[in-house]
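Before anything else, here's the structure in question.
Chain naming here is simple, since letters A, B, ... match the order of the sequence lines and numbering starts at 1 in each.
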Protein chains: 2
Amino acid sequence: MISPLATPIPQNAQPVLCETELVAVLVSISNNTPHILTLEHGRSFPSGPLMVEHRSLQKGMRNWVEHQTGLKLGHTEQLYTFADPLHGQGHQMVQISYMAFIRQNCDHSLAERSIYDYFPWEDRRDVTTCPLLHTIASRLKQWAASNTQRWQRCTTVFGLEDHAWNDELSLQRYELLWEAGLVPESSWQNGAHLPGLSMHRDYRRILATALSRMRAKIRYTPAVFDLLPRQFTLLQLQQAMEALAGRAMHKQNFRRLVQQQKLVSRTAEYDSPPQGRPAQLYQFAPETAEHCYLAGAKLPLPAIS
Amino acid sequence: MISPLATPIPQNAQPVLCETELVAVLVSISNNTPHILTLEHGRSFPSGPLMVEHRSLQKGMRNWVEHQTGLKLGHTEQLYTFADPLHGQGHQMVQISYMAFIRQNCDHSLAERSIYDYFPWEDRRDVTTCPLLHTIASRLKQWAASNTQRWQRCTTVFGLEDHAWNDELSLQRYELLWEAGLVPESSWQNGAHLPGLSMHRDYRRILATALSRMRAKIRYTPAVFDLLPRQFTLLQLQQAMEALAGRAMHKQNFRRLVQQQKLVSRTAEYDSPPQGRPAQLYQFAPETAEHCYLAGAKLPLPAIS
DNA sequence: CTATATATGCTCTTATTGAGTATATATAGC
DNA sequence: GCTATATATACTCAATAAGAGCATATATAG
């Protein structure tokens with residue numbers, strides 16, 4: 001069965017018994033911005049060890065979150081598993097990270113932070129981040145120097161020169177900044193680091209993974225609806241998408257898209273804004289669930305510089 | 001920091017020390033069909049425990065694979081982590097699965113199996129699977145019975161009625177068949193199960209995840225090139241894409257797509273087929289790496305039944 | 001010279017996207 | 001009742017991109 005080339009397993013090698021920790025990235029939307037629940041002044045996520053009585057990893061994570069926060073989780077998915085050499089001798093810790101959406105955080109004030117506090121360059125809904133992107137571009141250029149392949153990578157990942165900005169590349173962007181020594185977590189640092197909160201361990205990397213995943217997920221599944229109240233206006237829905245994607249969308253086209261697919265149905269009720277025409281309240285129509293398309297209707301990004 | 005609702009951690013709960021196993025789904029293409037490397041008569045994957053001296057999970061997996069098979073890995077990504085209650089008392093086993101592409105399996109005959117031996121319904125390159133899909137459709141209808149929401153799910157996932165076939169939904173399809181009791185792994189069985197090899201533990205589910213992931217991956221990244229020889233004809237490239245996606249593509253449109261993006265550059269050499277005009281050999285031009293688009297150029301699927 | 005299998009070139013229709021213009025509807029405050 | 005304001009709609013239009021078809025060129029084996 002096995003190739004004749006197979007070399008024997010080294011005899012001295014020792015399997016490891018690991019502590020296993022379940023880490024939860026809990027995403028919600030408030031104030032038209034995606035937020036996460038954090039601990040330790042924004043430097044850590046809710047987490048807990050895998051227990052004997054947990055019947056599965058995901059259930060274990062749910063248990064922990066419910067114990068710690070009392071929240072009900074919506075759309076949930078596993079993100080990534082990584083190992084941490086446990087400070088010192090032959091132990092290791094395995095950390096399994098999950099992302100989950102939560103609807104409204106009622107009002108008990110959990111320690112929420114905007115995702116864009118950690119990655120300011122990822123929010124491109126208006127021109128405010130353009131100076132920052134300009135800075136990043138010039139510092140990356142400096143780092144790439146005459147290495148054209150490296151610069152090529154920068155341009156594709158950050159949408160520079162003739163490349164388009166791809167919001168799902170947030171992880172690659174973070175990793176590139178890390179390599180370039182522009183974030184405080186970098187092993188070496190290349191001058192002053194960029195603005196943006198950092199976190200313990202690999203957690204900011206996990207968060208970048210989560211951002212990337214959620215942006216991918218909301219495109220093709222009705223997962224956004226797990227972040228909105230049961231009833232919402234189309235504008236709220238659009239703003240939620242914009243908040244997650246980090247870019248503005250064309251209102252008319254967005255509505256066309258949503259209604260073509262019969263993703264939502266109108267309710268009898270209306271929203272009453274402080275001013276202006278009251279907006280119709282809609283609800284998710286899960287018949288079409290499992291699959292939808294909410295990607296289109298993008299507006300051109302503000303030009304960098 | 002924590003919500004006032006937080007309930008205390010149960011005092012009797014015990015953290016678990018886990019054995020951690022690294023599982024590798026090794027994908028290659030031979031005979032115009034995607035294959036995987038297996039052990040135990042196709043029922044298991046190469047794997048090994050996480051060792052103290054492994055500096056990261058991915059490196060650990062690479063080490064194991066190289067020891068067991070002597071292969072070099074191309075595009076590699078983590079798939080999914082799951083827990084297995086270790087037959088009996090308070091231990092658990094955590095299994096971390098990876099997918100990796102390998103270029104050509106030279107000639108030392110490893111135990112290769114076609115992925116479509118496990119999921120015959122996923123290969124829709126020609127009409128041969130249509131009778132099977134017809135069977136599946138009718139048995140799913142039987143299972144859904146009068147539960148319209150359930151049937152709705154079947155139609156979206158299997159592309160029935162007016163829905164389009166989405167090749168990236170292979171995991172959802174497998175899970176649906178599992179729920180419907182149509183595969184031998186189902187907890188209860190609903191009559192005779194469908195054709196298709198099964199595997200130990202959750203491995204067939206892992207394989208379905210891998211198939212789904214690779215289909216998603218080859219669309220937007222140049223990962224396919226890690227499955228092809230360094231030099232290849234455009235037809236080989238197309239056939240590799242077709243093999244993975246499980247559907248035929250329009251030749252002229254495919255070439256248009258590939259060449260527009262300058263993904264490949266011609267070499268001086270030619271392929272010499274047994275008959276017919278020799279094909280130009282190309283090589284991957286990695287300038288554009290990190291991002292590309294190879295999705296288009298689909299041919300209509302053969303009608304089911 | 002022919003059968004065969006590949007490589008190319010070009011056209012055409014349709015659907016999707018991005019983007020713009022115009023208008024309708026409701027409320028608050030004067 | 002009029003006006004400012006903020007929303008909800010309706011339509012149009014151009015530019016691509018995607019799916020599909022037709023035709024032809026090129027090389028080899030026999």
Exercise for the section: Tell me which of B/Q236 and A/Q252 sits closer to the 5' end of DNA chain C, going by the nucleotide each one is nearest to. Expected result: B/Q236

Practice task
Starting from P on C/dT6, measure out to CG on B/N32 and report it in whole angstrom.
Solution key: 10 Å

Problem - Axial cation check for A/W165 ring with A/R124, 6.0 Å and 45° limits - result: yes

Practice task
May I ask you to decide if A/D126's main-chain N or O and A/T128's side chain share a donor-acceptor pair within less than 3.5 Å?
Solution key: no

Fill in the blank from the handout: Whole-Å distance, B/F232 CZ to C/dA7 C1', equals 16 Å

Fill in the blank from the handout: With sequence neighbours left out, the residues meeting side chain to side chain contact (heavy atoms under 4.5 Å, CB included) with A/Q283 are A/Q231, A/S265, A/T267

Completion exercise
A/R247 CZ to C/dA19 C1', in whole Å, measures 14 Å

Practice task
Could you check B/R213, B/R215, B/R219 and say which one makes a side-chain hydrogen bond (donor to acceptor under 3.5 Å, both in side chains) with B/E168?
Solution key: B/R219

Handout entry: Gap between atoms CG and P, on B/L281 and D/dA27 respectively (whole Å)
Key = 15 Å

Handout entry: Whole angstrom value for the distance that separates C1' of C/dG18 from CD of A/Q260
Key = 14 Å

Exercise for the section: Answer whether the closest heavy-atom distance between the side chains of A/L228 and A/I29 falls below 4.5 Å. Expected result: no

Completion exercise
Heavy-atom closest pair (A/P34 atom, A/L244 atom, distance to 0.1 Å) is CB-CD2, 3.8 Å

Completion exercise
Testing D/dT9, D/dT28, D/dA18 for proximity to the side chain of A/K251, the answer is D/dT9

Exercise for the section: Determine the contact category for A/L234: base if any of its heavy atoms lies under 4.0 Å from a base atom, sugar-phosphate if only primed atoms, P, OP1 or OP2 are that close, otherwise nothing. Expected result: nothing

Completion exercise
Taken in chain and number order and not counting sequence neighbours, the residues that satisfy ring-ring contact (aromatic ring centres under 6.0 Å, His included) with B/Y282 are none

Exercise for the section: Please determine, for the side chain of B/Q280, which listed nucleotide (D/dA8, C/dT8, C/dT6) has the closest atom? Expected result: C/dT8

Handout entry: With sequence neighbours excluded, residues passing side-chain hydrogen bond (donor to acceptor under 3.5 Å, both in side chains) with A/D123
Key = A/R125

Problem - Distance, rounded to the nearest Å, where A/R256 contributes CZ and D/dA8 contributes C1' - result: 16 Å

Handout entry: Between P of C/dG9 and NE2 of B/H250, the distance in whole Å
Key = 14 Å

Fill in the blank from the handout: Of the candidates D/dA8, C/dG18, C/dT8, the side chain of A/N253 sits closest to C/dG18

Completion exercise
Atom CZ of B/F254 and atom P of D/dA17 are separated, to the nearest Å, by 18 Å

Problem - Helical stems, DNA chain D - three or more consecutive Watson-Crick or G-U wobble pairs below 3.5 Å - result: C:1-30 with D:1-30

Practice task
Please determine if a side-chain N or O atom of A/R266 lies less than 4.0 Å away from the OP1 or OP2 oxygen of D/dA8.
Solution key: no

Can you name the atoms? Protein N/O to nucleotides 24-26 of chain D N/O, anything below 3.5 Å, with the distance.
from, atom 1, to, atom 2, distance (Å)
D/dA25, N3, B/R277, NH1, 3.4
D/dT26, O4', B/R277, NH1, 3.0

Practice task
Under the ring-ring contact (aromatic ring centres under 6.0 Å, His included) rule, collect the residues that match up with A/F232, sequence neighbours excluded.
Solution key: A/F225

